[in-house]
Amino acid sequence: MHWPFCVSKCPYCDFNSHVRDGVDIDAWREALLADMAHEAALTTAGRPLSSIFFGGGTPSLMPPALVETLIDAAQDHWGFTPDIEITLEANPNSVEAARFADLAAAGVNRTSLGLQALDNEALHFLGRAHDVTEGLAALDTAQAVFDRVSLDIIYARPGQSEADWQAELARALSFGTGHLSLYQLTIEPGTRFATLVAQGKLTPADPDHGAALYELTQAMTGAAGIPAYEISNHARPGEESRHNLTYWRYGDYAGIGPGAHGRRGGMATLRHKKPENWMSAVGRNGHGLQSEEPLSGEDRAREALLMGLRLGEGVDLARIAALSGIKADRLVDERAIDQLTGLGLIRLTGTRLQVAPAGMLLLDAILPEVVAV
């Protein structure tokens with residue numbers, strides 16, 4: 001469920017987020033409910049939801065009553081598994097933290113908190129609206145009212161030394177959250193940071209330095225009992241993001257709201273990206289779909305491999321062969337796997353293919369070699 005609005009646009013962000021002077025909550029409620037109803041009518045009956053994820057944008061700007069209405073509608077359409085995970089992304093400032101208790105009462109049981117840094121100078125550099133004190137107060141509130149809390153932190157920032165990151169990560173680990181999303185700063189096209197790099201006003205971290213920080217991250221999180229289960233995501237056993245695992249394990253999911261992607265029974269769905277275009281489409285058609293395309297067996301196999309190899313558990317080639325109709329020996333390049341296995345970057349055990357920890361540093365380079373479809 002995508003809520004596309006933010007108070008301001010962060011200079012590193014290339015997500016579908018928009019700044020608007022005002023939002024007609026009543027109109028958005030009706031449009032999101034219509035978009036959801038359309039998607040529900042096209043999904044297989046008897047498959048209750050195991051997760052809901054309110055992403056953005058900044059979903060913590062949503063009125064809790066709207067969140068509750070959407071959760072109730074989802075339950076009416078699909079039903080819920082007994083242990084459903086309902087996550088809402090949140091900014092850690094005092095205005096939004098004041099809504100946390102009401103959001104929990106509305107049914108949200110997990111929050112992903114965009115702390116992003118534990119240093120005020122770094123927060124200013126990242127364009128964040130909160131400082132460290134305000135962020136940690138919001139964290140205290142979140143831990144008091146939500147069953148589960150995840151923290152987002154961006155590292156490998158310009159000028160950040162290994163000692164700096166070691167101290168910052170140690171502090172983050174001390175908060176005791178069950179999940180950490182630890183992302184290296186990436187310069188994405190079309191962002192303010194990309195413009196500054198092009199102008200020579202910003203120098204990204206050296207890749208070798210980033211690799212050293214990544215290795216430090218794996219060592220510290222592993223020692224703290226919160227190891228990586230995906231290239232950038234760390235969790236205590238049982239605290240993994242069940243919603244994101246659906247993506248990485250290539251399950252079905254319904255995408256609702258502006259710019260939302262979905263995978264439904266072998267179909268790829270995409271909603272209109274710009275909020276105004278999505279609203280117009282809902283008013284015109286009863287849904288916000290921009291496209292709905294069948295995926296070929298090759299498409300499904302390629303997506304399942306590229307998503308699943310990000311996970312520490314890797315992929316089961318037999319499962320991907322079954323869902324795609326492509327024989328397992330045609331999914332991957334065996335010569336590349338033999339070569340990468342010899343380098344300690346890939347492991348193949350029976351039909352289970354995994355990227356080794358050393359290979360995670362080279363993931364973007366490895367995957368095109370491995371994937372044959």
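No hydrogens, no waters, no symmetry mates; every other heavy atom, side chains included, goes into these values.
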Q) Between Leu353, Thr351, Val315, which is the residue that forms a side-chain contact (heavy atoms from CB on, under 4.5 Å) with Ile320? A)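 Among Leu353, Thr351, Val315, the one meeting side-chain contact (heavy atoms from CB on, under 4.5 Å) with Ile320 is Val315.
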Is the shortest heavy-atom distance from the side chain of [X] to the side chain of [Y] under 4.5 Å?
X	Y	result
Phe175	Val149	no
Glu239	Thr177	no
Asp333	Glu369	no
Leu305	Val370	no
Leu345	Val355	no
Val332	Val371	no
Ser112	His179	no
Leu139	Gln143	yes

Linked hydrophobic residues, [X] as query - side chain contacts closer than 4.5 Å:
X	value
Leu311	Tyr229, Leu245, Tyr247, Trp248, Tyr253, Met307
Phe193	Tyr12, Phe125, Leu126, Ile154, Leu185, Ile187, Leu196, Val197, Leu202
Tyr250	Leu295, Leu323

If you measure from [atom1] on [X] to [atom2] on [Y], what distance do you get to the nearest 0.5 Å?
X	Y	atom1	atom2	value
Gln166	Ser161	CD	OG	9.5 Å
Asp131	Leu123	CG	CG	7.5 Å
Ser51	Phe53	OG	CZ	9.5 Å
Arg319	Arg249	CZ	CZ	9.0 Å
Ile52	Leu88	CD1	CG	11.0 Å
Ile337	Ile366	CD1	CD1	11.0 Å

Q) Who passes side chain to side chain contact (heavy atoms under 4.5 Å, CB included) against Ser291, sequence neighbours left out? A)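 Applying side chain to side chain contact (heavy atoms under 4.5 Å, CB included) to Ser291 gives Leu270, Glu293.
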Q: State whether a side-chain donor-acceptor pair under 3.5 Å links Thr87 with His243.
A: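 Looking only at side-chain atoms, His243 and Thr87 do not form any donor-acceptor pair under 3.5 Å.
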Any link between [X] and [Y] through a network of hydrophobic side chains (Ile, Leu, Val, Met, Phe, Trp, Tyr) touching at under 4.5 Å?
X	Y	answer
Met62	Ile25	yes
Met1	Leu289	no
Tyr183	Met360	no
Leu343	Leu361	yes
Leu42	Leu49	no

Closer than 4.0 angstrom, basic N to acidic O: yes or no for [X] and [Y]?
X	Y	answer
Arg335	Asp338	no
Glu134	Arg128	no
Arg302	Asp299	yes
Asp164	Arg157	no

If every non-hydrogen atom of [X] is compared with every non-hydrogen atom of [Y], which pair is closest and at what distance?
X	Y	answer
Gly127	Pro11	CA-CD, 3.8 Å
Ala321	Ala328	CB-N, 3.8 Å
Ala194	Gly190	CB-N, 4.1 Å
Ala281	Gly288	CB-CA, 4.1 Å
Ala106	Pro64	CB-O, 3.8 Å
Leu136	Leu118	CD2-CD2, 4.0 Å

Could you tell me whether the side chain of [X] and the main chain of [Y] form a donor-acceptor pair under 3.5 Å?
X	Y	result
Asp35	Val282	no
Asn109	Ile84	yes
Glu230	Ser232	yes
His2	Lys273	no
Asn93	His130	no

Q.
My understanding is that only residues two or more places apart in sequence, or in another chain, count here; which of them pass ring-ring contact (aromatic ring centres under 6.0 Å, His included) with Trp165?
A.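 Here the qualifying residues are Tyr155.
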Q: For Glu39 and His77, run side chain to side chain contact (heavy atoms under 4.5 Å, CB included): C-alpha distance rounded to whole Å, both residues' side-chain angles, the deciding distance at 0.1 Å, then the answer.
A: CA-CA 10 Å; Glu39 200 65 24; His77 286 305; over 6 Å; no
Q: Carefully, step by step, assess Phe100 and Leu113 under the rule side chain to side chain contact (heavy atoms under 4.5 Å, CB included).
A: CA-CA 11 Å; Phe100 287 177; Leu113 199 62; 3.9 Å; yes
**Q.** Full working for side chain to side chain contact (heavy atoms under 4.5 Å, CB included) between Thr58 and Val7
**A.** CA-CA 8 Å; Thr58 308; Val7 173; over 6 Å; no
(Q) Walk me through whether Arg29 and Asp26 qualify under salt bridge (Lys or Arg N to Asp or Glu O under 4.0 Å). (A) CA-CA 5 Å; Arg29 179 193 308 108; Asp26 291 338; 2.9 Å; yes
Q: Go through Thr111 and Ser60 one step at a time and tell me if the side chain to side chain contact (heavy atoms under 4.5 Å, CB included) criterion holds.
A: CA-CA 9 Å; Thr111 188; Ser60 50; over 6 Å; no
Q.
Considering only residues two or more places apart or on different chains, which pairs with a residue in residues 65-91 satisfy salt bridge (Lys or Arg N to Asp or Glu O under 4.0 Å)?
A.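 Applying salt bridge (Lys or Arg N to Asp or Glu O under 4.0 Å) to every pair that reaches into residues 65-91, excluding sequence neighbours, yields Glu85-Arg148.
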(Q) Can you tell me which residue among Arg300, Arg47, Arg264, Arg263 is in a salt bridge (charged side-chain N to carboxylate O under 4.0 Å, His left out) with Asp252? (A)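 Passing option: Arg47.
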